[in-house]
Number of protein chains: 2
Amino acid sequence: MTTGTDAPRRTRIQQEKRELILEAALEVFSTNGFRGSTIDQIAEAAGMSKPNLLYYFRRKEDIHETLMQRLLDTWLAPLRELDDIGDPLTELRSYIRRKLEMARDFPRESRLFANEILQGAPRIMPLLAGELKTLVDEKAAVIKGWMRAGKIARTDPWHLIFSIWATTQHYADFDVQVRAVLGPNRGGDGRFEDAARFLEQLFLEGLKPKG
Amino acid sequence: MTTGTDAPRRTRIQQEKRELILEAALEVFSTNGFRGSTIDQIAEAAGMSKPNLLYYFRRKEDIHETLMQRLLDTWLAPLRELDDIGDPLTELRSYIRRKLEMARDFPRESRLFANEILQGAPRIMPLLAGELKTLVDEKAAVIKGWMRAGKIARTDPWHLIFSIWATTQHYADFDVQVRAVLGPNRGGDGRFEDAARFLEQLFLEGLKPKG
DNA sequence: CAAATTTTTGACCGATTGGACAAACGTTAG
DNA sequence: CTAACGTTTGTCCAATCGGTCAAAAATTTG
């Protein structure tokens, strides 16, 4: 055992080409969904022929599966970093900010994930009920601790996490709608900063006027 | 002029069958997306043969288009009802509640809409930049009035509306994930009431502990 | 009733799909 | 050089797709 991993041994070309395909597939899958995407589209986006693509990934589903596995790791990273050290409100604020930055910088990943969930998560259901639930339960316990200590208001930690996911991912998944409604001026590059400011106030202070 | 509408004249059977098809198509489109759905699937769900379905809707896209037109009317109804009479905080609270009820009672409609937006809204883009933007701008002005009057805290009204959309529709679009994370106990029928309680507190009070 | 009209279906079509396969091409080691 | 191996492509295939069409069946109309 020299490599230390059980991953299949790949040549340099294989690594590069597989990466190229995954990048192209992310683009295609995230905008057309799994069934709405064709191998030809992915192959063309990757600059190679269909049989050539199938040399690196035997089935269309293999590409999607590889993409999903990588996605979940990076996608949940911000939540994993949420921990007990530091001020709770600051911790939550920076979690929200980081999630919003991911929506801004990785909208395709967000849409890929949204597509999968929308269609009933047929391919990652076990992960949701397993790994994801475990992680969320763990972080919900941390948040509950903050509430007991009087550091933040008492609410439902699970729905708090949901609302952070929903509000931040909205700017990736519904980007077209957001830009259409905001119009050319307010819908420009500054919209993420506006969103960050708004979300910070919403989650910290709510809408009640200051007494 | 006896009918008062310019809709094509239809027999009783046509009305019934068209309704049957639209109901079936809503089910199929909302879970598979437009490109991911086949006419055969819709026909089978509607309990008729494919050529028979095509007798009522000439093209697959016609079904989707009809579905979308109906959807937008009912979908924006809660926002239309938001107006200047009554207490602002109460008004917003009841808007959130109504949107959450729609996510609970019409999840398929929500997913149909989400699917369309996710894929770049190719079929309803003009509506977003036109009718929808106008409506939102109008309501944003109302909310701004409330802020000037000191009735609610000053924030960005557009992003406030986005956050209400995002948090409520999350319980329809990401229902699978919500139920998986909450587990069998907390993920049962009571999850919408929990969500309602949480969202009310979030939007009114935020997370800061009471002084 | 019978004629006219509407509704339903089986058979079919061209286009596109995911995927297989063998042959050709390129690269490298001896 | 040549043999071995990794890479690329043209061609092909069966299945599925959206949609057509003529004819049969059912319904409505007179």
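Values reported hereafter were calculated over all heavy atoms of this structure, with side chains retained and with hydrogens, waters and symmetry mates removed.
For the pairing with B/S110, the side chain to side chain donor-acceptor pair (under 3.5 Å) check across B/D173, B/T168, B/D105 returns one residue only, B/D173.
Between the NZ atom of A/K50 and the P atom of C/dT16 there is a distance of 12 Å, given to the nearest Å.
The side chain of B/Q14 lies closest to C/dT7, out of D/dG19, C/dG10, C/dT7. Here the nucleotide nearest the side chain of B/Y55, chosen from D/dG19, C/dG18, C/dT6, is C/dT6. With C/dG19, D/dG18, D/dT8 as the choices, the nucleotide that has an atom nearest any side-chain atom of B/K60 turns out to be D/dG18. Minimum atom distance to the side chain of B/N52 is reached by C/dT9, of the listed D/dG18, C/dT17, C/dT9. Comparing atom distances between the A/K17 side chain and each of C/dC21, D/dT8, C/dA11 picks out D/dT8 as nearest.
Checking the phosphate oxygens (OP1, OP2) of D/dT16, no side-chain nitrogen or oxygen of B/R35 falls inside 4.0 Å. Within the structure, a side-chain polar atom (N or O) of B/Y56 is placed less than 4.0 Å from OP1 or OP2 of C/dT8.
Counting non-hydrogen atoms under 4.0 angstrom, A/I39 reaches the backbone sugars and phosphates but no base.
A heavy-atom distance below 4.5 Å is not found between the side chains of A/H170 and B/S163.
Checked against a 6.0 Å centroid threshold, the rings of B/F57 and B/H64 do not count as neighbours.
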